[in-house]
Structures are given as structure tokens and as C-alpha cells.
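Remarks on the structure that follows.
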Amino acid sequence: MDKQDIKELLQHVAEGETSVDDALLQLKLKPFQDIGIANLDHHRGIRQGASEVIYGAGKTPEQIDRIAHSLWESGQRTILITRMSQEAADGFTADIPFTYRKEGWIGLVGEMIGPKHNGYILIATGGTSDIPVAEEAALTAEILGNKVERIYDVGVAGIHRLLAHADKIMQARVIVAIAGMEGALASVIGGLADCPVIAVPTSVGYGTALGGVTALLSMLNCCASGVSVVNIDNGFGAGYLANLINNMEEGKK
């Protein structure tokens with residue numbers, strides 16, 4: 001159940017199509033559902049503006065399948081599955097609409113929400129190796145109803161590649177800067193943009209990159225103002241946060 005569902009239910013009450021007691025019962029039944037392997041949060045869309053997301057890593061294909069079908073049966077028509085393996089996608093029961101985007105480890109049950117704004121979220125990567133995390137961020141933002149622009153492989157080792165997209169950087173509502181190695185991309189973009197920048201360190205890099213820790217510390221010590229940092233390889237978290245900021249920024253640009 002999301003805000004639109006609540007509005008429709010209240011409208012039915014106002015028009016006399018649904019009794020107050022029946023509406024109250026529907027609301028009582030909706031908060032969460034215990035299906036044995038999970039407690040599904042059906043009111044998350046009302047509280048946070050986006051319905052519950054399934055984190056696929058660590059779950060068996062059967063668990064993912066069951067949770068997704070339970071959410072669908074409860075009325076959720078856009079279900080995002082993150083960190084979904086090819087095995088889980090191959091084994092998904094195809095009796096409900098389902099697509100898999102392996103480039104971002106993303107599964108989608110139902111359809112993407114159409115863009116809510118004219119403006120866009122810009123996703124930028126330092127290198128090609130960062131693209132899987134970038135696609136997780138980009139697809140998350142798109143599924144939640146945002147227009148997304150991508151500029152990939154524009155790292156500081158060839159900074160002219162980034163500067164060639166200065167117009168996109170300066171017109172974006174939110175930017176997600178994704179990089180491994182020393183993670184310098186976020187600082188450079190932060191010094192060019194007048195919008196919030198979300199930095200995502202990736203685990204790309206040689207030994208002293210320490211699985212993304214070096215990039216994380218570099219981004220946390222960013223000289224540019226307006227840059228926030230999410231966890232290593234957390235493309236979903238960046239895409240979700242960018243969505244929240246974009247909704248707050250409606251009307252800008």
C-alpha cells in the first residue's frame with residue numbers, strides 16, 4: 001500500500017462506496033505480513049515514499065521468488081530486487097511481469113514508474129570497471145521514477161573526458177560520482193556542480209586500494225563542499241538517496 005492507495009481508499013469512504021469499518025480493517029491488515037521467511041513491510045511506501053525493496057544477496061532463489069510474489073499479491077506493482085544473481089533470475093517463476101538487468105544485478109517485477117520531473121540525476125564513473133555499481137544506482141533511480149543521464153569512464157586520469165560533459169554536470173539536480181582507486185572523481189565533480197553530489201567508493205583497485213577503503217577515506221576527506229558518501233559499492237543506497245533529493249528539489253531547473 002502506498003500514498004495513492006490510501007487516497008483512493010479514503011475517496012471510496014467519502015463517496016460511500018466503502019464503509020468506515022471496512023476501510024479501517026484494510027488499514028489494520030496492511031502494515032506488515034509474516035510469511036515465515038520474512039516480515040513484509042506493506043506500509044513503507046506510505047512512510048518513505050518508496051515501497052519495500054528486496055535485497056537479493058544472501059537469499060536463496062526460492063526465498064526471493066516467494067517474497068516477490070507475496071509483495072505482488074499484496075498489490076505492490078513495482079518491486080525492485082537488488083544484488084540479484086543470474087541463478088535467481090533464471091529460476092524466477094514467470095507468472096508475473098519480470099525483467100532482469102544483469103549489468104546492475106537488478107530484478108524488476110512490474111514496471112518502472114514514469115519520470116516525475118523534467119530534471120535528471122547524473123551518474124558518473126571513474127572507469128569502466130565501476131559500471132556495475134553505477135548501473136545499480138542508475139536503475140534504482142529510474143525504477144523509482146527519475147530521469148537518469150549517464151557519463152561513464154570519465155576519471156581524473158584523463159580529466160578532459162569529464163570536462164567535455166560540463167554542461168550535464170552543471171544542469172543536473174543530483175549527481176552520483178562513482179570511483180575506485182583513490183576516489184578523486186567526487187572531489188572534482190563537487191568543485192564543478194551546484195547540486196548535491198553523492199560519492200560512491202568502489203572496491204576497484206590494486207592492493208592498497210584495500211577493497212574500496214582507500215577510496216572511501218578519500219571521499220570522506222573531500223575538499224569540495226556538498227559531497228556526501230555512502231558505503232563501498234552501495235549503488236542502491238546512492239540511487240535511493242538521489243531519488244529522495246530529487247523529489248525534494250522539484251521545481252529547480
Side-chain angles (χ1 to χ4, degrees), residues 82-83 103-105 117-142 144 146-253:
T82 67
R83 297 300 166 108
E103 64 271 27
W105 315 295
H117 312 286
N118 292 324
Y120 58 85
I121 296 169
L122 180 64
I123 311 290
T125 73
T128 302
S129 297
D130 302 310
I131 289 177
V133 175
E135 280 301 304
E136 183 178 47
L139 291 168
T140 295
E142 286 177 332
L144 293 175
N146 301 275
K147 181 180 178 182
V148 173
E149 297 281 347
R150 296 161 170 83
I151 52 172
Y152 290 167
D153 193 26
V154 291
V156 299
I159 200 166
H160 54 288
R161 300 173 300 177
L162 178 66
L163 297 178
H165 298 283
D167 56 338
K168 286 188 177 181
I169 292 170
M170 294 177 182
Q171 294 179 60
R173 280 185 174 160
V174 190
I175 300 173
V176 180
I178 303 168
M181 301 293 188
E182 87 274 38
L185 182 66
S187 291
V188 176
I189 288 178
L192 295 172
D194 68 347
C195 65
V197 176
I198 304 167
V200 187
T202 69
S203 51
V204 172
Y206 295 104
T208 55
L210 302 175
V213 173
T214 298
L216 171 63
L217 295 176
S218 176
M219 289 173 170
L220 288 170
N221 284 282
C222 178
C223 290
S225 302
V227 177
S228 61
V229 187
V230 298
N231 208 345
I232 298 168
D233 291 336
N234 189 8
F236 164 74
Y240 192 97
L241 179 57
N243 165 69
L244 293 178
I245 295 171
N246 196 28
N247 282 315
M248 292 175 66
E249 290 288 295
E250 185 172 7
K252 179 183 177 184
K253 296 182 182 176

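Keep in mind that the numbers below use all heavy atoms, side chains included, and drop hydrogens, waters and symmetry copies.
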Do [X] and [Y] have side-chain heavy atoms sitting under 4.5 Å apart?
| X | Y | answer |
| --- | --- | --- |
| Leu162 | Ile169 | yes |
| Val156 | Glu182 | yes |
| Leu163 | Leu192 | yes |
| Ser228 | Leu241 | yes |
| Asp233 | Arg83 | yes |
| Leu139 | Phe236 | no |

**OP:** Keeping to residues at least two apart or across chains, list the ring pair (Phe, Tyr, Trp, His ring centres under 6.0 Å) pairs with something in residues 160-215.
**Re:** none
Interatomic spacing from [atom1] in [X] to [atom2] in [Y] - rounded to 0.5 Å:
| X | Y | atom1 | atom2 | value |
| --- | --- | --- | --- | --- |
| Leu185 | Ile178 | CG | CD1 | 9.0 Å |
| Thr82 | Asn234 | OG1 | CG | 9.0 Å |
| Thr202 | Ile131 | OG1 | CD1 | 11.5 Å |
| Asp153 | Thr128 | CG | OG1 | 4.0 Å |
| Glu142 | Asn243 | CD | CG | 12.0 Å |
| Thr208 | Met181 | OG1 | CE | 9.5 Å |

Verify, without hydrogens or angle tests, whether [X] (side chain) and [Y] (backbone) share a donor-acceptor contact under 3.5 angstrom.
| X | Y | answer |
| --- | --- | --- |
| Arg173 | Cys195 | no |
| Thr125 | Tyr152 | no |
| Thr140 | Glu136 | yes |
| Asp130 | Gly127 | yes |
| Asn221 | Leu217 | yes |

Original post:
If you look at every heavy atom in Val197 and Ala186, which pair is closest and at what distance?
Top reply: CG1-O, 4.5 Å
**OP:** Run through Ile121, Ile198, Asn146 and flag the one making a side chain to side chain contact (heavy atoms under 4.5 Å, CB included) with Ile245.
**Re:** Ile198
Subject >> Residues that Lys168 engages under salt bridge (Lys or Arg N to Asp or Glu O under 4.0 Å), provided they are two or more places apart >> reply: Glu149
